[in-house]
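The block underneath contains the structure these notes are about, expressed in structure tokens.
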Amino acid sequence: MTIKGFMFDFSGTLLRVEPTESWLRAVVAELGIPLGEAELAAWAERLEHVGALPGGVGPRRVPAHLAQVWGERDLSAAHHRAAYTGLAREAELPWDDADVIYDALYERHMRPEAWTPYPDTAEVLGELRRRGVPVAVVSNIGWDLRPVFRAHGLDGLVDAFVLSYEHEVQKPDPRLFAIACEALGLPPERVAMVGDDRRADGGAAALGCTVRLVDHLPAEQRPAGLLPVLELTG
């Protein structure tokens, strides 16, 4: 059956967050913290180990005191912030007034400059718009990503944003995909979900949606991962 509409995941599918080292470098520079390259790399590795960067490498272990808020992180803005600043604290950064740094790190990841579109994102979204195929972005997230799309010139290529924290339901719950299909004005069997997470994005299959997975890789390592989905429109 020909696909008439698309749902796309955000992080790791359409855009990729900056590396942990770049993330930390930007924040310490903004705060005026002098840091040599070796020290910066060491603390970035520690932050990556605890999974402190949203959209980056996940935590190897979630501490017991963060388990509940971690499980609910994409259901509200407050939980999302608490989960990731909590993980960042596990890195035990050495500077005075570290709470300022943890908050600044969290704020940094929401800025447009922290995100890079995959090389074929604009091409694929633009071609779908040219063909009259509507697009929704469906994301497990705790903040408004619309300004990121706007800054990268992609907002005009998206018809609907369906964000978990705005609906208090997260993937793989079929209800979030159902909301997106309704926004697109299409039955699920006419909609494809494109994402990088087999469990979360694969939840769309329960509604009868076609699911296509892409590799969660740095942007420069995945130049054309999205292009094959255009074949689904016939």
Side-chain angles (χ1 to χ4, degrees), residues 9-12 14-117 137 139-152 155 161 163-168 170 196-197 200 216-220:
D9 174 52
F10 164 53
S11 174
L14 293 177
L15 292 93
R16 172 77 181 208
V17 75
E18 65 188 332
T20 309
E21 195 167 308
S22 300
W23 176 55
L24 178 59
R25 178 182 285 108
V27 169
V28 296
E30 188 173 279
L31 295 177
I33 298 171
L35 200 60
E37 285 300 309
E39 190 179 3
L40 185 142
W43 287 110
E45 183 178 356
R46 191 153 178 172
L47 285 164
E48 186 162 306
H49 179 82
V50 300
L53 173 58
V57 177
R60 300 182 187 183
R61 181 186 65 85
V62 177
H65 69 279
L66 293 175
Q68 181 173 350
V69 74
W70 175 255
E72 299 173 349
R73 66 192 181 279
D74 295 317
L75 296 178
S76 77
H79 286 169
H80 196 270
R81 178 181 288 271
Y84 282 103
T85 56
L87 288 174
R89 287 184 176 88
E90 294 297 305
E92 298 180 333
L93 299 179
W95 302 289
D96 293 336
D97 206 6
D99 282 347
V100 172
I101 299 172
Y102 299 135
D103 285 337
L105 286 168
Y106 185 81
E107 294 293 332
R108 165 73 188 180
H109 101 276
M110 296 187 288
R111 295 182 184 176
E113 57 266 32
W115 294 89
T116 299
V137 171
S139 179
N140 279 353
I141 199 165
W143 51 277
D144 186 4
L145 52 74
R146 294 173 183 86
V148 174
F149 277 74
R150 191 175 307 121
H152 288 287
D155 59 315
F161 290 91
L163 311 181
S164 61
Y165 84 105
E166 292 182 339
H167 298 279
E168 298 184 340
Q170 59 190 9
D196 66 296
D197 188 314
H216 187 126
L217 293 170
E220 67 275 10

Legend entry - Residue pair Val137 / Leu14, side-chain heavy-atom distance below 4.5 Å: yes
Legend entry - Residues Leu145, Leu15; criterion side-chain contact (heavy atoms from CB on, under 4.5 Å); working and verdict: CA-CA 11 Å; Leu145 52 74; Leu15 292 93; over 6 Å; no
Inset, instruction - Could you pull out the closest heavy-atom pair between Pro112 and His152, with the gap in Å? - result: O-NE2, 3.0 Å
Legend entry - Any residue meeting side chain to side chain donor-acceptor pair (under 3.5 Å) with Trp143, in chain and number order, not counting sequence neighbours: His109
Legend entry - Arg60 with Glu48: basic N within carboxylate O range, under 4.0 Å: no
Inset, instruction - Go through the structure and list residues passing side chain to side chain donor-acceptor pair (under 3.5 Å) with Glu30, not counting sequence neighbours. - result: Arg111
Inset, instruction - Could you note down all residue pairs passing ring-ring contact (aromatic ring centres under 6.0 Å, His included) where residues 56-76 supplies at least one of them, sequence neighbours left out? - result: Trp70-Tyr84
Inset, instruction - Hey, could you give me the OG/CD distance between Ser139 and Gln170, rounded to the nearest 0.5 Å? - result: 11.0 Å
Legend entry - Pairwise distance NE2(His80) to CZ(Arg73) - rounded to 0.5 angstrom: 7.0 Å
Inset, instruction - For Glu220 and Arg16, run side-chain contact (heavy atoms from CB on, under 4.5 Å): C-alpha distance rounded to whole Å, both residues' side-chain angles, the deciding distance at 0.1 Å, then the answer. - result: CA-CA 10 Å; Glu220 67 275 10; Arg16 172 77 181 208; over 6 Å; no
Inset, instruction - Spell out, as yes or no, whether a donor-acceptor pair under 3.5 Å connects the side chain of Ser164 to the backbone of Asp74. - result: yes
Inset, instruction - Not counting sequence neighbours, which residues clear side chain to side chain contact (heavy atoms under 4.5 Å, CB included) with Glu37? List them please. - result: Glu21, Arg25
Inset, instruction - Sorted by first residue and then second, give each side-chain hydrogen bond (donor to acceptor under 3.5 Å, both in side chains) pair with at least one member in residues 95-105; sequence neighbours left out. - result: Arg89-Asp99
Legend entry - Non-hydrogen atoms of Val69 and His79 that approach each other most closely: CG2-O, 3.5 Å
Legend entry - Stepwise side-chain contact (heavy atoms from CB on, under 4.5 Å) test for Phe161 and Phe10: CA-CA 10 Å; Phe161 290 91; Phe10 164 53; over 6 Å; no
Inset, instruction - Identify, with sequence neighbours excluded, every residue that meets side chain to side chain donor-acceptor pair (under 3.5 Å) alongside Asp155. - result: none
Inset, instruction - Answer yes or no: is there a donor N or O on one side and an acceptor on the other, between the side chain of Arg46 and the main chain of Ala91, under 3.5 Å? - result: yes
Inset, instruction - Run the numbers on Leu93 and Leu105 for side-chain contact (heavy atoms from CB on, under 4.5 Å), then give the verdict. - result: CA-CA 12 Å; Leu93 299 179; Leu105 286 168; 4.1 Å; yes
Inset, instruction - To the nearest 0.5 angstrom, please state how far the CG atom of Leu31 sits from the CD1 atom of Ile101. - result: 6.0 Å
Legend entry - For Asp144 against Leu163, the heavy-atom pair lying closest together: OD1-CD1, 4.1 Å
Inset, instruction - Of all the heavy-atom pairs spanning Gly55 and Ser11, show the shortest one and how long it is. - result: CA-OG, 3.5 Å
Legend entry - Within 6.0 Å of CD in Glu113, more than 12 heavy atoms from elsewhere: yes
Legend entry - Heavy-atom pair of closest approach, residues Leu47 and Thr20: CB-CG2, 4.1 Å
Legend entry - Glu90 to Val50 - nearest heavy-atom pair and separation: CB-CG1, 3.9 Å
Legend entry - CD (Glu107) with more than 12 external heavy atoms under 6.0 Å: yes
Inset, instruction - Determine whether more than 12 heavy atoms belonging to other residues, nucleotides or ligands lie under 6.0 Å from atom CD of Glu39. - result: yes
